[in-house]
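Single-structure report; data block below.
Here the structure is a predicted model, which means the values were calculated and not measured. Each ligand, and each atom within it, is numbered from 1 in the order the structure gives.
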Amino acid sequence: MRDDSGLSRRRLLGLAAAGTGGLLLGGCDQLNRSPGFRSLLEGAEGLTMRSQRLLMGDALAREYGAADISPAFKANGSLGVTDAAYRAHLAQGFAGWALRVDGLVRQPLLLPLAALKGLPQRTQITRHDCVEGWSAIGKWQGPQLAAVLARAGLLPEARYAVFHCADVLGGAPYYESIDLIDAFHPQTILAWRMNDAPLTERHGAPLRLRVERQLGYKHAKFVMRIELRAALAGLYKGNGGFWEDRSGYAWYAGI
Ligand SMILES: Nc1nc2c(c(=O)[nH]1)N[C@H]1C(S)=C(S)[C@@H](COP(=O)(O)O)O[C@H]1N2
Ligand SMILES: [Mo]
């Protein structure tokens, strides 16, 4: 059997390495336009991904204008975190907090909020679609996940990025995961800013994932740690996310 995913991964790693030359750090949709990424999608090794996710053509989720921003953006799921360490950081405006990036990386990272704010920023106005049937348009800002991953440097075995959150729902920690295609997508950002203000606790302070081509439950709030893994098996119940484990929600929640 062909190892399609392995080839894809190698190509993505090449792109990640190119990130230091500005490809992934440059913002916007340069990944989409890059010859390497195009040929990845157009080649035989891209067939599986294409059929799954219609990555060709309009690969970007729709972006809106400032006038479209919803006057009220519902908060859903956990609206806060009880964990004592989290509450201490919240009280100090997350000044001493740092995002942990570890697992299958060359260089594990501890990235303070200031470091995340210091990376090139992407701003996007997008529609959030919750599986429960409501939507809202908001403006999000933060570094591309690709830039953070390029800093850490992925090891060859890395296939998934797992987002470990600070909140516990019904006794289980919230977590989510995406694969490297979504991890390196230009609209996948670690948002610390929403509608021109720092994220509030309800919306996931200090940092949340925006993965714009998927449903709301993939957009992990209160992200404390990003773990790079070869597989999702062996992590909690093995389905790659809190709702995937608990209620059988789809792991790939394409809109
Ligand atoms: N850590 C964490 N992330 C989470 C949730 C949660 O309960 N905990 N709920 C998810 C769901 S179902 C949705 S719709 C969105 C809601 O984000 P919002 O509160 O900013 O509207 O967050 C997602 N991310
Ligand atoms: Mo949701």
Side-chain angles (χ1 to χ4, degrees), residues 61-64 68-87 89-90 94 97-101 113 116 122-142 145 160-178 182-183 185 187-227 232 235-237 239-255:
R62 179 172 171 193
E63 294 192 17
Y64 295 78
D68 302 314
I69 294 173
S70 301
F73 197 114
K74 181 180 156 74
N76 204 35
S78 294
L79 304 184
V81 176
T82 53
D83 173 68
Y86 176 91
R87 300 228 60 82
H89 282 306
L90 178 73
F94 296 98
W97 175 87
L99 171 72
R100 193 142 60 96
V101 183
L113 203 48
L116 292 161
R122 191 178 203 281
T123 301
Q124 56 203 28
I125 301 175
T126 53
R127 195 187 66 212
H128 179 101
D129 295 319
C130 173
V131 73
E132 293 168 11
W134 59 272
S135 298
I137 292 174
K139 180 177 180 181
W140 305 98
Q141 183 192 315
L145 177 59
Y160 300 95
V162 177
F163 303 85
H164 295 278
C165 306
D167 57 320
V168 175
L169 264 180
Y174 201 96
Y175 78 103
E176 258 304 339
S177 63
I178 58 178
D182 268 323
H185 187 274
Q187 288 172 317
T188 299
I189 66 173
L190 295 171
W192 59 272
R193 204 164 161 81
M194 174 189 186
N195 295 343
D196 297 316
L199 266 188
T200 57
E201 183 179 4
R202 295 154 60 74
H203 290 293
L207 198 68
R208 78 174 304 165
L209 177 65
R210 294 300 309 172
V211 49
E212 302 293 355
R213 297 176 308 172
Q214 297 202 52
L215 290 171
Y217 61 87
K218 301 297 290 188
H219 299 233
K221 305 194 282 189
F222 322 109
V223 174
M224 300 288 114
R225 172 185 172 216
I226 301 174
E227 178 194 10
L232 299 174
L235 179 65
Y236 299 105
K237 293 186 181 167
N239 302 301
F242 175 88
W243 287 112
E244 291 89 329
D245 281 345
R246 193 184 182 97
S247 301
Y249 284 16
W251 175 77
Y252 188 77
I255 291 170

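- At the top of the distance list for atom 7 (O) of ligand 1, counting protein heavy atoms only, stands Ser78 N, 2.8 Å.
- Each of the atoms 1 (N) of ligand 1 lies under 4.0 Å from some heavy atom of Cys165.
- Residue, atom and distance of the protein heavy atom nearest to atom 17 (O) of ligand 1 are Arg208 NH2, 3.1 Å.
- Here the protein heavy atom with the shortest distance to atom 21 (O) of ligand 1 is Lys74 O, 2.6 Å.
- Using a 4.0 Å cut-off to heavy atoms of His203, the atoms of ligand 1 that qualify are 18 (P), 19 (O), 20 (O), 21 (O).
- Phe94 and His89 have parallel rings, their planes meeting at less than 30° on a 0 to 90° scale where 60° marks the start of perpendicular.
- In terms of polar-atom proximity, Trp243 is not counted as a contact of ligand 1, lacking any N or O under 3.5 Å from an N or O of the ligand.
- Near Cys130, meaning under 4.0 Å from one of its heavy atoms, ligand 1 places the atoms 14 (S).
- For Lys74, the NZ atom sits in a packed shell: over 12 heavy atoms of surrounding residues, nucleotides or ligands are nearer than 6.0 Å.
- The single protein non-hydrogen atom nearest to atom 9 (N) of ligand 1 is Tyr174 OH, 3.7 Å, given as residue, atom name and distance.
- At least one heavy atom of His128 sits under 4.0 Å from some atom of ligand 1.
- With salt bridges taken as basic N to acidic carboxylate O contacts below 4.0 Å, one links Glu201 and Arg87.
- At a heavy-atom distance under 4.0 Å, only side-chain atoms of Trp134, from C-beta outward, approach ligand 1.
- Looking only at atom types and distance, the side chain of Asp129 has a donor-acceptor partner in the side chain of Ser135 under 3.5 Å away.
- The pair Lys139-Glu63 does not count as a salt bridge, with every side-chain nitrogen at least 4.0 angstrom from each carboxylate oxygen.
- In Asn76, the parts holding a heavy atom less than 4.0 Å from any atom of ligand 1 are both the side chain and the backbone.
- Phe73 places a side-chain heavy atom less than 4.5 Å from the side chain of His128.
- Contact annotation: Tyr249 has no heavy atom less than 4.0 Å from any atom of ligand 1.
- Short contacts between ligand 1 and Leu169, defined as distances under 4.0 Å to a heavy atom of the residue, involve ligand atoms 7 (O).
- Considering Val162, Leu207, Leu145 as possible partners of Ile226, the one that fulfils the side chain to side chain contact (heavy atoms under 4.5 Å, CB included) test is Leu145.
- Proximity to Arg202 (heavy-atom distance under 4.0 Å) selects the following atoms of ligand 1: 19 (O).
- Residues Trp243 and Tyr236 place their aromatic rings such that the two centres sit no closer than 6.0 Å.
- Remark: ligand 1 atoms within the under-4.0 Å shell around heavy atoms of Phe73 are 21 (O).
- Distance from atom 23 (C) of ligand 1 to its nearest protein heavy atom, with residue and atom name: Gly216 O, 3.3 Å.
- In summary, the aromatic rings of Phe163 and Tyr175 are positioned with their centroids too far apart to meet the 6.0 Å limit.
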Glu176 vs Arg208, salt bridge (charged side-chain N to carboxylate O under 4.0 Å, His left out): CA-CA, chis, key distance, verdict: CA-CA 11 Å; Glu176 258 304 339; Arg208 78 174 304 165; over 6 Å; no
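- Separation of the Trp251 and Tyr217 ring centroids does not fall under the 6.0 Å cut-off.
- Among all protein heavy atoms, the one lying closest to atom 24 (N) of ligand 1 is His219 O, 3.0 Å.
- Under the 6.0 Å cut-off for aromatic ring centres, Tyr174 and His164 do not qualify, their centroids lying 6.0 Å or more apart.
- Between Asp167 and ligand 1, a contact under 3.5 Å exists for at least one N or O pair.
- Ionic pairing of Asp167 and Lys221 is not present here: no N-O contact between side-chain nitrogen and carboxylate oxygen is shorter than 4.0 angstrom.
- Atom 3 (N) of ligand 1 has as its closest protein heavy atom Lys221 N, 2.9 Å.
- Of the heavy atoms in Ala75, both backbone and side-chain atoms come closer than 4.0 Å to ligand 1.
- Heavy-atom contacts of Phe222 reach the following atoms of ligand 1: 1 (N) (cutoff under 4.0 Å).
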